[in-house]
Colleague: 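Provided herewith is a single structure, encoded as structure tokens, for subsequent inquiry.
Along the sequence shown, residues carry numbers from 1.
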Amino acid sequence: MQLAAFPKCFMDALCVERTMTVFDWISMGAELGVEGLEFYAGFLTAADPAYLAGVRSALDRAGLAMPMLCYSPDFTRPDPAERRAEVERQKGAIELSAALGGVTCRTLSGQRRPGVSRDDGLRWVVECIEQCLDHAVQRGITLVIENHYKDNYWTYPEFAQQSELFLEILERIRSPHFGVNFDPSNAILAGEDPLKLLEAVKDRVVTMHASDRYLKSGTLDDLRRVETSEGYAAMLAHGEIGKGLNDYDAIFRILRGAGFDGWVSIEDGTEGIEQLKRSVRFLRQKMRSAT
């Protein structure tokens with residue numbers, strides 16, 4: 001397994017406020033002792049070849065890969081023209097990942113909009129992902145769907161948040177170029193057992209988000225009542241890895257048993273670079289001890 005990091009703690013600085021650049025993230029990442037940095041598409045301020053070549057050169061100078069591009073398509077839009085536009089944006093994200101030396105690009109189902117039925121949503125999601133697969137194959141990219149909670153900048157949670165829907169999408173799309181980005185914390189937020197979900201998808205896991213999320217106050221039922229507003233609810237926090245609810249001994253034991261040898265990307269909390277460093281040390285130890 002190889003370890004990457006994702007700057008969950010700096011999302012707004014990179015994507016909204018623009019007080020940090022992707023080059024700042026690369027400089028910080030060079031201090032973490034990881035092999036790679038995961039990017040979110042919103043970190044990048046252009047898509048022209050010269051800019052992307054500059055980003056890739058900065059990664060090379062830091063001795064870092066960019067193996068995983070995190071992207072959030074919204075395939076549950078009822079308007080067919082809007083879904084076609086989402087497909088084209090996903091294809092653009094695939095191209096960004098390839099340009100930066102990536103091997104995977106994340107995909108999602110979309111938002112759980114009121115009024116979108118189970119059958120319509122599933123059909124739209126499968127159709128849209130299938131329309132992106134040839135584009136990914138041609139660029140050497142594997143699409144990975146995450147068992148997701150909610151994009152930072154969405155109003156509604158994930159359409160396929162519950163494992164029943166998530167597994168149905170996987171069953172309908174059996175391409176070797178389509179797999180799973182497993183996030184154990186998102187299963188907890190869905191009110192489910194992350195180890196049970198991992199057992200169900202272990203043979204299709206391509207990448208993993210190492211996270212530890214927790215509720216600062218209230219219960220999961222309270223979260224359900226406040227989660228339909230833009231972004232994450234204030235009661236929800238990304239914590240330091242190893243201090244939340246996930247059993248990383250069991251997670252890595254299951255992954256090792258399934259022959260997983262891919263990228264694990266740290267999704268850390270809000271306390272900055274020192275917290276990320278502690279998470280790196282914790283995960284290194286758990287990865288080494290997994291048998």
Side-chain angles (χ1 to χ4, degrees), residues 1-15 17 19-40 43 58-59 61-70 106 146-150 152 181-189 194-195 198 205 207-217 231-256 260-291:
M1 300 183 204
Q2 291 181 290
L3 197 58
F6 183 83
K8 193 72 178 180
C9 43
F10 302 124
M11 284 290 286
D12 283 349
L14 284 159
C15 299
E17 300 152 3
T19 53
M20 278 179 64
T21 70
V22 70
F23 299 102
D24 295 327
W25 169 228
I26 293 169
S27 295
M28 287 183 177
E31 304 174 12
L32 291 174
V34 294
E35 292 80 56
L37 299 180
E38 183 183 3
F39 283 12
Y40 180 81
F43 298 172
L59 286 162
R61 289 193 300 273
L64 294 164
M66 196 301 296
M68 307 161 63
L69 185 75
C70 190
R106 188 182 75 173
E146 183 176 342
N147 60 303
H148 202 232
Y149 166 62
K150 186 182 186 184
N152 277 52
N181 179 66
F182 175 68
D183 187 317
S185 296
N186 286 338
I188 292 171
L189 292 180
L195 299 180
L198 179 55
V205 174
T207 55
M208 175 181 158
H209 275 163
S211 62
D212 247 343
R213 242 167 278 178
Y214 63 94
L215 292 170
K216 292 184 285 187
S217 62
Y232 276 33
M235 63 192 296
L236 183 63
H238 274 73
E240 184 175 324
I241 314 304
K243 295 191 174 180
L245 299 173
N246 285 308
D247 182 347
Y248 275 95
D249 290 313
I251 288 168
F252 286 128
R253 185 167 58 251
I254 293 168
L255 288 172
R256 287 285 193 202
F260 174 80
D261 194 30
W263 284 90
V264 176
S265 183
I266 302 166
E267 268 199 333
D268 211 333
T270 56
E271 296 177 17
I273 199 75
E274 293 304 317
Q275 189 180 56
L276 275 168
K277 289 178 180 178
R278 293 193 297 272
S279 292
V280 169
R281 291 193 292 270
F282 172 83
L283 287 166
R284 288 281 188 214
Q285 189 274 324
K286 293 299 181 183
M287 290 162 73
R288 283 194 299 267
S289 63
T291 57

Colleague: What's the spacing between Met11 CE and Asn152 CG if we round to 0.5 Å?
Modeller: 4.0 Å
Colleague: Heavy-atom distance under 4.5 Å between the side chains of Trp263 and Asn181, does that happen here?
Modeller: no
Colleague: If you take all heavy atoms of Ile26 and Leu64, which pair is closest and at what distance?
Modeller: O-CD1, 4.0 Å
Colleague: Once rounded to the nearest 0.5 Å, what's the spacing between atom CZ of Arg253 and atom CG of Leu198?
Modeller: 11.0 Å
Colleague: Would you check if the side chain of Arg288 reaches a backbone N or O of Leu283 as a donor-acceptor pair within less than 3.5 Å?
Modeller: no
Colleague: Might you point out which heavy atoms bring Asp24 and Thr19 nearest each other, and give the distance in Å?
Modeller: OD2-O, 4.4 Å
Colleague: Minimum heavy-atom separation for Leu32 and Ala5, please, with both atom names.
Modeller: CD1-CB, 3.8 Å
Colleague: Looking at every heavy atom in both Pro67 and Gly36, which two are closest together, and how far apart are they?
Modeller: CD-CA, 4.3 Å
Colleague: Using atom types as modelled and distance alone, determine if a side-chain donor or acceptor of Ser279 lies under 3.5 Å from a backbone N or O of Glu240.
Modeller: no
Colleague: Is there a side-chain contact between Met66 and Leu37, using heavy atoms and a 4.5 Å cut-off?
Modeller: no
Colleague: Measure across Asn186 and His148 and return the closest heavy-atom pair with its distance rounded to 0.1 Å.
Modeller: ND2-CA, 3.5 Å
Colleague: Can you tell if the side chain of Cys9 reaches within under 4.5 Å of the side chain of Leu276, non-hydrogen atoms only?
Modeller: yes
Colleague: Taking the side chain as every heavy atom from C-beta outward, state whether Phe10 and Met28 have any atom pair closer than 4.5 Å.
Modeller: yes
Colleague: Return yes if some donor-acceptor pair links the side-chain N/O of Asp183 with the main-chain N/O of Asn147 below 3.5 Å, else return no.
Modeller: no
Colleague: Please round to the nearest 0.5 Å and tell me the distance separating atom CG of Leu59 and atom CZ of Phe23.
Modeller: 9.0 Å
Colleague: Glu35: which residues meet the side chain to side chain donor-acceptor pair (under 3.5 Å) condition with it, sequence neighbours left out?
Modeller: Arg284
Colleague: Could you go step by step and tell me if Glu38 and Arg106 meet the side-chain contact (heavy atoms from CB on, under 4.5 Å) rule?
Modeller: CA-CA 11 Å; Glu38 183 183 3; Arg106 188 182 75 173; 5.8 Å; no
Colleague: Rounded to the nearest 0.5 Å, what's the gap from CZ on Arg278 to NZ on Lys243? Could you check?
Modeller: 5.5 Å
Colleague: Is there a side-chain contact (heavy atoms from CB on, under 4.5 Å) between Leu69 and Phe43 once you walk through the steps?
Modeller: CA-CA 10 Å; Leu69 185 75; Phe43 298 172; over 6 Å; no
Colleague: Could I get the full list of side chain to side chain contact (heavy atoms under 4.5 Å, CB included) partners for Phe260, not counting sequence neighbours?
Modeller: Met1, Val205, Leu255, Val264
Colleague: When you measure from the side chain of Asn246 to the backbone of Ser211, do you find a donor-acceptor pair of N or O atoms at a distance under 3.5 Å?
Modeller: yes
Colleague: Any side-chain heavy atom of Phe6 sitting closer than 4.5 Å to one from Ile266?
Modeller: no
Colleague: Is any side-chain heavy atom of Tyr248 closer than 4.5 Å to a side-chain heavy atom of Ile241?
Modeller: yes
Colleague: Would you compute the distance between atom CD of Glu146 and atom NE2 of His209 and round it to the nearest 0.5 angstrom?
Modeller: 5.0 Å
Colleague: Grab the two heavy atoms, one from Ser289 and one from Asp249, that are nearest each other, plus how far apart they are.
Modeller: OG-OD1, 4.2 Å
